[in-house]
K.L.:
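Just dropping this structure here.
Counting starts at 1 for both ligands and their atoms, in listed order. Quick caveat: nothing in here was measured; it's all calculated off a predicted structure.
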Amino acid sequence: MDWKELEEQCRECMACQLGETRTNLVFGTGSRTADIMLVGEGPGEQEDLQGEPFVGRAGQLLDDMLKIIRLDRGENVYIANIVKCRPPGNRDPLSDEQSACVGWLREQFKLVRPKIVVCLGRIAAGVIIKPDFKITREHGQWFEKNGVWFTAIYHPSALLRDPGKRPETFVDLKSIQRKAVELGARI
Ligand code: SF4
Ligand code: URA
């Protein structure tokens, strides 16, 4: 499947109930040839309205964080979510919604072929790294699968709620930067 086909098919998806209440499907954004891919949880209100991931308050913080390690969605990262349609009231996506949707993300992985995947928050880490991922204990740790390196950092919404977590996230960002240099990933 190429990007055009994938996006067209995804935009018509009604494989779970989130399809019924979306305003816009939020497919993904950024560089489709990036070496680093970021995965969030699901669209919030602003994302649902604008059809782009991380454009609300959490997104502004994410962009500021990425800038610290010279990453920019217009340049060198691809950003997508576990679920492409907004869970009503910003509740967590249910596990059947996650499993209904994750196939789209897998296709995105196959096309981007990132060297590094950064999960944003517990939900993404639980789907992508391992089911019992403990974000407070395991953020910033590295996991390798088939030559691709995976890590998780706190979700930017968690950092808005609890700024006390920001120093640890700064350390994690620096670790991502080092890993990128080590792997020769474009940053
Ligand atoms: Fe399809 Fe995913 Fe939207 Fe559910 S959330 S309707 S699986 S695109
Ligand atoms: N939170 C997410 O996980 N994803 C978005 O796109 C926006 C907020």
K.L.:
I'd like to know if the side chain of Gln108 and the backbone of Leu6 have a donor-acceptor N/O pair within less than 3.5 Å.
P.N.:
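Not at all, since once roles are kept as given, no pair shorter than 3.5 Å links the two residues.
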
K.L.:
Knowing that exactly one of Pro87, Pro88, Cys85 qualifies, which makes a side chain to side chain contact (heavy atoms under 4.5 Å, CB included) with Thr21?
P.N.:
Pro88

K.L.:
Would you confirm whether Asp2, through its side chain, and Glu5, through its main-chain N or O, come within 3.5 Å as a donor-acceptor pair?
P.N.:
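Yes, the answer is positive, given that a donor and an acceptor are paired below the 3.5 Å cut-off.
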
K.L.:
Would you please determine whether Ala58 falls within less than 4.0 Å of ligand 2 on a heavy-atom basis?
P.N.:
no

K.L.:
Give me the nearest non-hydrogen protein atom to atom 2 (Fe) of ligand 1 as residue plus atom name, then the distance to 0.1 Å.
P.N.:
Cys101 SG, 2.3 Å

K.L.:
Which atoms of ligand 2 sit under 4.0 Å from any heavy atom of Gly40?
P.N.:
3 (O)

K.L.:
Against heavy atoms of Lys84, which atoms of ligand 1 measure under 4.0 Å?
P.N.:
5 (S), 8 (S)

K.L.:
Identify the closest protein heavy atom to atom 8 (C) of ligand 2: which residue and atom is it, and at what distance?
P.N.:
Phe54 CE2, 3.7 Å

K.L.:
Quick one: look up the protein heavy atom nearest atom 5 (C) of ligand 2 and list residue, atom name and how far away it is.
P.N.:
Gly42 O, 3.4 Å

K.L.:
When you measure from atom 1 (Fe) of ligand 1 to every protein heavy atom, which one gives the shortest distance, and what is it?
P.N.:
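Of the protein heavy atoms, Cys13 SG, 2.3 Å lies nearest.
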
K.L.:
Please round to the nearest 0.5 Å and tell me the distance separating atom CZ of Arg161 and atom OH of Tyr154.
P.N.:
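Rounded to the nearest 0.5 Å, the CZ-OH separation comes to 11.5 Å.
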
K.L.:
Atom CD in Glu182, atom NZ in Lys115: separation rounded to 0.5 Å?
P.N.:
12.5 Å

K.L.:
Check this for me: does any side-chain nitrogen of one of Glu107 and Lys110 sit under 4.0 Å from a carboxylate oxygen of the other?
P.N.:
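Looking at Glu107 and Lys110, the cut-off is met.
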
K.L.:
Does any N/O atom on Pro43 come nearer than 3.5 Å to any N/O atom on ligand 2?
P.N.:
no

K.L.:
Specify the protein heavy atom at minimum distance from atom 4 (N) of ligand 2: its residue, its atom name, and the distance to 0.1 Å.
P.N.:
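Nearest neighbour among protein heavy atoms for atom 4 (N) of ligand 2, to 0.1 Å: Asn81 OD1, 2.8 Å.
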
K.L.:
Atom SG in Cys119, atom CE in Met37: separation rounded to 0.5 Å?
P.N.:
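Nearest 0.5 Å value for the SG-CE distance: 10.0 Å.
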
K.L.:
Evaluating non-hydrogen atoms only, which member of Cys16, Pro43, Cys85 is closest to atom 3 (Fe) of ligand 1?
P.N.:
Cys85

K.L.:
If two hydrophobic side chains count as joined below 4.5 Å and joins carry through other members, does Val55 share a cluster with Leu120?
P.N.:
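Looking at the clustering, Leu120 is in a separate group from Val55.
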
K.L.:
Mind checking whether Leu111 and Phe150 sit in one hydrophobic cluster, side chains of I, L, V, M, F, W, Y counted as touching below 4.5 Å?
P.N.:
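Linked within one cluster.
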
K.L.:
Given 3.5 Å as the limit, does a donor-acceptor pair link the side chain of Asn24 with the main chain of Asp48, or not?
P.N.:
yes

K.L.:
Report, in ascending order of atom number, the atoms of ligand 1 lying under 4.0 Å from any heavy atom of Ala15.
P.N.:
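Near Ala15, the atoms of ligand 1 are 1 (Fe), 6 (S), 7 (S).
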
K.L.:
Give the atoms of ligand 2, by number and element, whose distance to some non-hydrogen atom of Glu41 is under 4.0 Å.
P.N.:
2 (C), 3 (O)

K.L.:
Just jot down the ligand 2 atoms closer than 4.0 angstrom to any heavy atom of His155, in number order.
P.N.:
1 (N), 2 (C), 3 (O)

K.L.:
Taking a cutoff of less than 4.0 Å between a non-hydrogen atom of the residue and any ligand atom, is Arg22 in contact with ligand 1?
P.N.:
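Right, Arg22 reaches ligand 1.
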
K.L.:
With atoms numbered from 1 as shown, which atoms in ligand 2 lie under 4.0 angstrom from a non-hydrogen atom of Pro53?
P.N.:
6 (O)

K.L.:
Against heavy atoms of Gly19, which atoms of ligand 1 measure under 4.0 Å?
P.N.:
6 (S)

K.L.:
So, taking the atom named CZ in Phe170 and the one named CD1 in Ile69, what distance separates them when rounded to the nearest 0.5 Å?
P.N.:
10.0 Å

K.L.:
Can you list the ligand 1 atoms lying under 4.0 Å from a non-hydrogen atom of Leu25?
P.N.:
8 (S)

